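Below is one structure; the comments refer to it alone.
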Amino acid sequence: MEQAKKAKPEQRITPHFTEGELACRCCGRLLVQSELVHKLETLRQLVKKPVLVNSGYRCPAHNRAVGGAVNSYHLKGMAADIHVPGLAVVELSRLAEQAGFNGIGTYPKQSFLHVDVRGNRARWQESF
Ligand SMILES: [Zn+2]
């Protein structure tokens, strides 16, 4: 796997996303697949409001600390947990469908949407 590099926080990857926004929250390192940021940018254009990234790349230590899955797509720079203030998570998931994400996990109670660019289609929702 490609190695994570120290992010330049202000460096833009696309018009609406910086390296800092997608970097690991614990160490500031970044690994990101271009398909992920391109689809995030497509989603941003559909939403027409800022898309805030709760969690993008996670280094292995941070992934363990937050209880992420061992094979989480966050470890590969292929996933982001996002939210849009003022937009329901279910509505955001509808737009993520249009943006072409393969993996979409809807967490309305925790107010975030997981999106990823895995090779197969996957949909899930937090249990109530
Ligand atoms: Zn880290």
Side-chain angles (χ1 to χ4, degrees):
M1 195 194 298
E2 205 183 324
Q3 287 298 302
K5 299 190 181 80
K6 199 82 189 164
K8 299 186 191 80
E10 306 301 323
Q11 178 71 48
R12 279 192 186 282
I13 315 175
T14 66
H16 291 98
F17 294 93
T18 61
E19 288 194 4
E21 289 174 276
L22 289 157
C24 182
R25 293 295 181 255
C26 86
C27 58
R29 298 181 82 82
L30 177 64
L31 177 66
V32 65
Q33 303 293 322
S34 59
E35 188 186 350
L36 178 69
V37 277
H38 284 129
K39 287 181 175 171
L40 285 172
E41 185 64 29
T42 301
L43 178 60
R44 171 63 178 80
Q45 287 168 18
L46 292 168
V47 169
K48 300 182 182 75
K49 286 181 184 178
V51 171
L52 306 183
V53 180
N54 307 354
S55 180
Y57 171 69
R58 292 177 194 156
C59 74
H62 185 55
N63 190 57
R64 278 193 295 276
V66 298
V70 177
N71 284 316
S72 170
Y73 287 96
H74 288 276
L75 293 164
K76 301 168 185 165
M78 294 171 68
D81 294 342
I82 57 176
H83 73 283
V84 175
L87 183 68
V89 173
V90 170
E91 180 63 15
L92 182 58
S93 79
R94 201 179 62 76
L95 296 170
E97 292 278 356
Q98 287 181 41
F101 287 101
N102 261 351
I104 301 178
T106 310
Y107 296 82
K109 275 202 305 187
Q110 297 176 73
S111 295
F112 75 91
L113 186 73
H114 168 104
V115 291
D116 67 56
V117 293
R118 70 184 67 195
N120 58 298
R121 189 181 190 278
R123 298 290 181 273
W124 68 95
Q125 246 185 318
E126 76 183 329
S127 43
F128 288 91

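For clarity, every value in this text was computed on a predicted model and none was experimentally measured. Remember, it's 1-based here, ligands and their atoms both numbered in the order they're listed.
Using a 4.5 Å cut-off between side-chain heavy atoms of Ile, Leu, Val, Met, Phe, Trp and Tyr, Val66 forms no hydrophobic cluster with any other residue.
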**Report entry** His62/His74 under ring pair (Phe, Tyr, Trp, His ring centres under 6.0 Å): CA gap, chis, key distance, verdict
**Finding:** CA-CA 10 Å; His62 185 55; His74 288 276; 9.4 Å; no
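Across all their heavy atoms, Tyr57 and Leu75 have their closest contact at CE1-O, 3.4 Å.
In this structure, Gln98 places its CD atom where more than 12 heavy-atom neighbours from other residues, nucleotides or ligands lie under 6.0 Å away.
Partners of Gln11 under the side chain to side chain contact (heavy atoms under 4.5 Å, CB included) rule, at least two apart in sequence or in another chain, are Lys8, Glu19.
Less than 2.8 Å away from the Zn ion (ligand 1), the protein contributes these N/O/S atoms: Cys24 SG, Cys26 SG, Cys27 SG, Cys59 SG.
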Could you go through residues 30-38 and list every donor-acceptor pair under 3.5 Å that involves a side-chain atom there, pairing it with any protein atom two or more places apart or in another chain?
| from | atom 1 | to | atom 2 | distance (Å) |
| --- | --- | --- | --- | --- |
| Gln33 | NE2 | Lys76 | O | 3.3 |
| Glu35 | OE2 | Lys39 | NZ | 2.7 |
| His38 | ND1 | Ser34 | O | 3.0 |

